[in-house]
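Presented below is the structure to which this report refers.
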Amino acid sequence: MPKYNPAEIEPRWQRFWDENKTFKTPTEVTEEKLYALDMFPYPSGEGLHVGHPEGYTATDIVSRHARMIGKTVLHPMGFDAFGLPAEEHAIKHNASPREFTEKNINTFVRQLKDLGFSYDWDRQISTTDVDYFKWTQWIFLVLFDTWFDADEQKGRPISELPIPAEIKEAGEYAIRKYQDEFRLAFESHAPVNWCPALGTVLANEEVVDGLSDVGNHPVQRMPLRQWMLRITAYADRLESDLDQVDWPEGIKKLQCDWIGRSTGAEVDFFIGDKSQFETWKNTRTENGFPQALPEDALRVYTTRPDTLYGATYMVIAPEHGAVEELTTAEQGPIVKKYCDDAAMKSDRDRQDDRTKKSGVFTGSYAINPITGQPVPIWVADYVLASYGTGAIMAVPAHDARDFEFAKTYNLPIVAVVAPPAKGELDLEKLLAGEICFAGVGTAINSESFDGLATDEFKIKIIETLDSTAVGRSAVNYKLRDWLFSRQRFWGEPFPILHELDEAGNRTGIMRPVPLESLPVDLPFVEDFQPHGRPEPPLEKADDEWLFPVIDGKKYKRETNTMPQWAGSCWYYLRFIDPHNDSAFIDPELEKQWMPVDLYIGGAEHAVLHLLYARFWHKVLFDRGYLHTPEPFKKLVNQGMILGDVEFTAFRDTNEQWVSAELTCENDERKTVLQATGEELHVVKLDPEQAEKEKDGDNFVLKSDPQIRIDSRAYKMSKSRGNVVNPDVIIAEYGADSLRLYEMFMGPLHQSKPWSMAGVNGVRNFLDRVWRMLVDEKAEELSLSSAVSDHAPTDEQIRMLHKTIKAVSKDIETLGFNTAISRMMEFVNFFTKQTERPQSLMEPFILLLSPFAPHLAEELWKLLGNESSLAYEPWPKFDESLTVDALVEVPIQIMGKIKTKISIERGKSNKELEAIALQDPKIVTLLEGLTVRKIIAVPDKLVNIVAN
RNA sequence: GCCCGAGUGGCGGAAUUGGCAGACGCUCAGGAUUUAAAAUCCUGUGUCCUUACGGACGUGCGGGUUCAAGUCCCGCCUCGGGUACCA
């Protein structure tokens, strides 16, 4: 009995595609190319998750469709395989991270092949391949060899960096040190996020609420020598070039916010006696605004220079360089204690304290350059050393944080901006210092500037500050330079050698490992367990690796490794030319394939990966290795797939039901009774036990409708036990069903709950497709007798053309869920037809093929075709055949539908009106009414206004 | 707190430019087929009123614009996600 049996069909076609290299990327790239890319996965030990195939199926459908419309397609897959989990696993099991990673990759490849994706497997890469990270190291050296020319807004070779005459005179060593200060990859000794549990430092982006992103371990600040990448130099371009790409607005905004560009002014407040202020100001006006931080002034950054008249005190960060100098002898001990405490505090503690502000007075005053009045200088940890100048002018009347601080320490509050007239804010209260207003408005208490609107004021005041050289306009970014080194084993080694002197100490001279000596492979290390101290595991490599001698000079290798992000910053380029051993990519091939036309992946990479990759791309672009300024033309984020919907109810310790609205979660994420905090039992219910409230939106217990229950889909997680394994779905329903279901669930970008019943639903559809063509009662696999070479009817032809049109359009807009529903309608229609002309069945199978490729290939063959349908021309439709001759037009009276008439398409509104008014039902309904107006929309509706 | 996104039947979701709300699928109910079951096929399935014919209501809530609003405008509510002292 030839029933639809995916377990037999699917492996057979997968083998066919593999053996025939059906999806090998063509070497001749035609004008119309498609580069469809998935965010490559981290090959975890758990294997593929059902979230992975969602995006992968979408790009696969687009790729398969593109081949059929004649495009040349590049559709590759690879693995982002460096990273902490493999190393942690290796430590735990005393094994090699490489072996573990390779095993996981094999599982992933097997699972991906089971899903029938049309990847060109000859291009498979892993970031951990030595042949791959050779070029990651090479790109690092490009960064090392590049400085950013701010005037040209462009990265240039370090050899083109202008060297000041006095440096030149000081000799080669001075020149090298000078260059090192400008490189895009540079060493720094700044405080970093050190995570003792992971034994490594982390990027700001990898620390969430003072805990590590991976594993939730505490993170502390400590100064360490680190490699940094100067991503801040590219901040403006990373922001402005977002207009060039077709990305979701939300993601663009996230990147913009992350870059956090703000404009305002830097203002110097004179430190010294009020009597010398005029002299200071005059000297300033003569000499101009100093580039470097002056010693006789405190420099602040503000986005609201228009509130300068309201600056009643100043605050510097505890780490600010001038703390000691500004602290008076009397205040010395308490300031020192405050700063020491702040330094001890972890980021986590700082978060907790954020609700209340603390600070201490330094004892010093600075002179407001516009009013000439002295203001006290305080130290407080609500000012960050790393942003702006690490010092602020505090305007408590117009900044919520300053307001809170001023209230706590009884500092004066002066209102200088009146809210817009319409506002409900009470001006009296504002003037009395009782409330704070942070918006824009009209200047008050600002001498000659009074009455100016905020925006005008800003421009005027900057002009004034500029003319006397006490201030200037300035731009700031939230974006920080990228901390690029990790103290772990399982990452790319840096291709950098540190020159040593006779005594074995670093001379400070660095030497890049030359191209011919790349890659720098990971050495064998007996034990790479983190020990809670910041010496990287590579320090334990043998001397031969650690201390190379070149031209008689002894060097020590850099022993930090690169972070996981490094490999994923450029993998999309390597896919274009994966086996090239003389360059990271052939420039000709790069021109043919870049940019990536469609990039699909999860929104969790909205800032990190996408920002880092764009940054590297721009550097490589500036240095002439690439021809596009942006790597990813169109980006789509797939939504998260949640677990099946769950109903939960709550019971107290006396086994009594508790209604859901009386519960809440406590700090330990346990469900408790809101009123008393009593811990409750969480009971998972069978859907049978739940029902919807009679008049309300809540679900309640069927047995006791007074008790509300929770109905929600949760994120899939091991602990919740709601994880769906794709292998199980494939075994039970088939890969085509899994692919189809994930596409049918809803819009790609939306998060949606899994439903086993839904999988069964699409499997049902595939069964129906099978039966539409196959005679299930026959002994051998053969066509159903309904399938014939009969001439199709007009209705049948229209059905096909409508379906072709809808499916084609939906693939273009990635509306896969509606494409599938249109194909379901086609099948519903034809299974009722006793004659199913083969000439209509064939195009339908082609339409289905990108979605359910195994089944489509099988049926295509059954219909008598010899070869794979992968490159068959996509069916075309005739516009005139996509509409019916007759249309049903509703007739409304006062906007309410009264009847429907079936008429020929294309009637004018006059004709429509006449037909409507003659309709017997309408005539009856209009009796006694006066027709005031008739609106007729051709082929759509008629609305009669009558009363 | 701030910034996004979303609220449509029992559930997932459809609905060019405002123009027939609920396509398609699931669920459930009834029927056919069968010795029986599975599978399959057919019919029905927003709510309320009505024996029926039919009618009223209905896209989170309250207003508004319009001949006509899920769609546009104003004001809220709830949920999901992101983010957090960035001056």
Side-chain angles (χ1 to χ4, degrees), chain A residues 3 208-209 248-251 253-254 257-258 260-262 264 300-304 307 315 350-351 353-355 357 380-384 386-395 398-402 404-405 438 476-480 603-604 606-607 639-640 642 644-645 687 690-692 695 697 699 711-713 715 741 744-747 749-762 764-765 767-768 771 776 809 815 817-825 828 831-832 888-897 900 932-937 939-946:
Chain A
K3 285 218 162 119
V208 179
D209 285 344
E249 283 309 313
I251 300 293
K253 200 173 170 300
L254 273 176
D257 290 350
W258 194 266
R261 184 192 152 101
S262 74
V300 300
Y301 170 72
T302 176
T303 56
R304 290 294 298 272
T307 59
V315 186
R350 281 208 187 186
Q351 303 268 334
D353 291 350
R354 195 168 31 201
T355 39
K357 304 257 176 299
D381 65 2
Y382 82 90
V383 170
L384 307 175
S386 50
Y387 185 78
T389 59
I392 63 159
M393 61 178 213
V395 186
H398 305 289
D399 180 283
R401 295 152 302 182
D402 298 343
E404 208 184 308
F405 191 82
N476 255 295
Y477 303 91
K478 286 196 222 174
L479 186 70
R480 303 291 143 81
E604 67 274 18
V607 277
M640 206 190 316
L642 306 170
D644 224 327
V645 176
E691 70 176 355
K692 192 107 178 199
D695 27 47
D697 292 330
F699 277 88
S711 146
R712 240 196 93 178
K715 214 166 149 171
Y741 174 62
F744 187 60
M745 289 170 88
H749 60 88
Q750 199 170 296
S751 63
K752 42 219 165 225
W754 184 268
S755 148
M756 276 303 170
V759 188
N760 198 50
V762 294
N764 250 329
F765 163 67
D767 278 321
R768 284 160 66 80
R771 286 195 299 270
E776 272 199 320
K809 194 207 93 203
N817 53 335
T818 46
I820 293 165
S821 74
R822 296 308 290 259
M823 291 191 282
M824 286 173 168
E825 287 181 78
N828 290 345
T831 46
K832 289 193 182 106
E888 201 172 56
V889 175
I891 302 175
Q892 304 176 327
I893 295 178
M894 298 300 286
K896 300 220 182 268
I897 293 162
K900 289 175 185 179
R932 307 279 174 199
K933 190 175 175 185
I934 303 177
I935 295 101
V937 185
D939 299 339
K940 284 277 195 297
L941 59 48
V942 180
N943 187 12
I944 300 166
V945 186

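Residue numbering restarts at 1 for every chain, and letters A, B, ... go by the order of the sequence lines.
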Legend entry - Partners passing salt bridge (Lys or Arg N to Asp or Glu O under 4.0 Å) against A:D644 (at least two apart in sequence or in another chain): none
Inset, instruction - Send over the distance from A:D939 CG to B:U16 C1', rounded to a whole Å. - result: 15 Å
Inset, instruction - Would you please name every residue forming a side chain to side chain donor-acceptor pair (under 3.5 Å) with A:N817, sequence neighbours left out? - result: none
Inset, instruction - Mind checking A:S755 for me? I need base, sugar-phosphate or nothing, with any heavy atom below 4.0 Å counting as a touch. - result: nothing
Legend entry - A:T831: side chain to side chain donor-acceptor pair (under 3.5 Å) partners, not counting sequence neighbours: none
Inset, instruction - Identify whether NZ of Lys or CZ of Arg in A:K357 sits under 6.0 Å from the centre of the six-membered ring of A:Y382 and within 45° of that ring's axis. - result: yes
Inset, instruction - Give one of base, sugar-phosphate or nothing for A:I392, where a contact means two heavy atoms less than 4.0 Å apart. - result: base
Could you list, one pair per line, each protein nitrogen or oxygen that sits under 3.5 Å from a nitrogen or oxygen of nucleotides 41-45 of chain B, together with the distance?
unit_1: B:C41; atom_1: OP1; unit_2: A:R768; atom_2: NH1; d: 2.9

Interface polar pairs with nucleotides 52-59 of chain B, N/O, under 3.5 angstrom:
none

Below 3.5 Å between N/O atoms, which protein atoms pair up with nucleotides 71-73 of chain B? Just atom names and distances, please.
none

Legend entry - Non-neighbouring partners of A:R771 that pass salt bridge (Lys or Arg N to Asp or Glu O under 4.0 Å), sequence neighbours left out: none
Legend entry - Pairwise P distance for B:G10 and B:C48, with rounding to whole Å: 9 Å
What are the atom names and distances for every N/O pair under 3.5 Å that joins the protein to nucleotides 1-5 of chain B?
unit_1: B:C3; atom_1: O2'; unit_2: A:K253; atom_2: NZ; d: 2.8

Inset, instruction - Please identify each residue that fulfils side chain to side chain donor-acceptor pair (under 3.5 Å) with A:K809, with sequence neighbours left out. - result: none
Inset, instruction - For A:G761, report the nucleic acid contact type (base, sugar-phosphate, nothing); a contact means any heavy atom under 4.0 Å. - result: sugar-phosphate
Inset, instruction - Determine the contact category for A:N764: base if any of its heavy atoms lies under 4.0 Å from a base atom, sugar-phosphate if only primed atoms, P, OP1 or OP2 are that close, otherwise nothing. - result: sugar-phosphate
Inset, instruction - On RNA chain B, check which nucleotide each of A:I820 and A:K900 is closest to and give me the residue with the more 5' one. - result: A:K900
Inset, instruction - Could you run through nucleotides 62-70 of chain B and give me one letter per nucleotide, 5' to 3': B if any protein heavy atom sits under 4.0 Å from the base, S if only the sugar-phosphate is that close, - if neither? - result: -----BS--
Inset, instruction - Not counting sequence neighbours, which residues clear side chain to side chain donor-acceptor pair (under 3.5 Å) with A:T818? List them please. - result: A:D810
Inset, instruction - Using the closest heavy atom to pick a nucleotide of RNA chain B for each, name whichever of A:V937 or A:A757 lands nearer the 5' end. - result: A:V937
Inset, instruction - Sugar-phosphate means primed atoms, P, OP1 and OP2; the rest is base. With that split, encode nucleotides 10-15 of chain B 5' to 3' as B, S or - using protein heavy atoms under 4.0 Å. - result: -SBSS-
